[in-house]
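Input: a single structure, listed below in structure tokens.
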Amino acid sequence: MTESSERIVTVLKAIPYARVMSYGAVASAAGLRNGARQVARLLHSSSDTWKLPWHRVIKANGCIALPSGGGLEIQIALLHQEGVEVNAEGRVDRKYFV
DNA sequence: GCCATGGCTAGTA
DNA sequence: GCCATGGCTAGTA
């Protein structure tokens with residue numbers, strides 16, 4: 001576990017219930033200039049072991065990054081469960097961003 | 001080489 | 001859509 005990864009984990013666990021953050025925003029908050037992809041990688045590999053709120057991380061444009069059949073439906077369900085709405089175009093409104 | 005990104009541009013309506 | 005990025009990993013020697 002690198003220091004950068006630990007900072008990313010800290011930021012992720014601090015995302016409030018029913019709010020979302022973009023990969024890039026998480027990276028910035030963790031002090032990484034261009035770490036969006038690193039955030040994505042960490043979510044993919046360690047969400048389970050660290051019990052991370054992976055479903056609260058979406059693209060900067062409000063879309064969900066996961067493909068249909070590859071987690072998209074589950075992520076939408078988890079967001080709905082928290083009261084975050086995903087519109088017909090599959091986007092989350094700006095008001096839900098931290 | 002890969003990619004659960006992001007920002008900018010071209011091309012359509 | 002395209003491409004610049006940047007850290008991680010698989011696969012070779």
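Throughout, protein chains are lettered first and strands after them, A, B, ... in sequence-line order, and every chain is numbered starting at 1.
In this structure, A:L32 places its CG atom 13 Å from C1' of C:dC8, rounding to the nearest Å. Between the CE atom of A:M21 and the P atom of B:dG6 there is a distance of 13 Å, rounded to whole Å. As a whole-Å value, the separation of A:Q38 CD from C:dA4 P is 21 Å. If you measure from atom CG of A:L43 to atom P of B:dT5, you get 10 Å, rounded to the nearest angstrom. The distance from atom CG of A:N34 to atom C1' of B:dC3 is 15 Å, rounded to the nearest whole Å. With rounding to whole Å, A:R41 atom CZ is found 17 Å from B:dG6 atom C1'. In this structure, A:L12 atom CG and B:dA4 atom C1' are separated by 12 Å, rounded to whole Å. The distance from atom CG of A:L42 to atom C1' of B:dC2 is 17 Å, rounded to the nearest whole Å.
Residue A:S22 places its side chain closer to B:dG6 than to any other of B:dG6, B:dA4, B:dC2. With C:dG7, B:dG6, B:dT5 as the choices, the nucleotide that has an atom nearest any side-chain atom of A:R37 turns out to be B:dT5.
Heavy atoms of other residues, nucleotides or ligands lying less than 6.0 angstrom from CG of A:N87 number more than 12. The environment of NE2 in A:H44 is sparse: at most 12 heavy-atom neighbours from other residues, nucleotides or ligands sit within 6.0 Å.
Counting all heavy atoms, side chain and backbone alike, A:R19 lies closest to A:F97 at NH2-O, 2.9 Å.
Across all strands shown, B:dT9 forms no Watson-Crick or G-U wobble pair with both key distances under 3.5 Å.
Without hydrogens or angle criteria, A:E73 side chain to A:G69 main chain gives a donor-acceptor distance under 3.5 Å.
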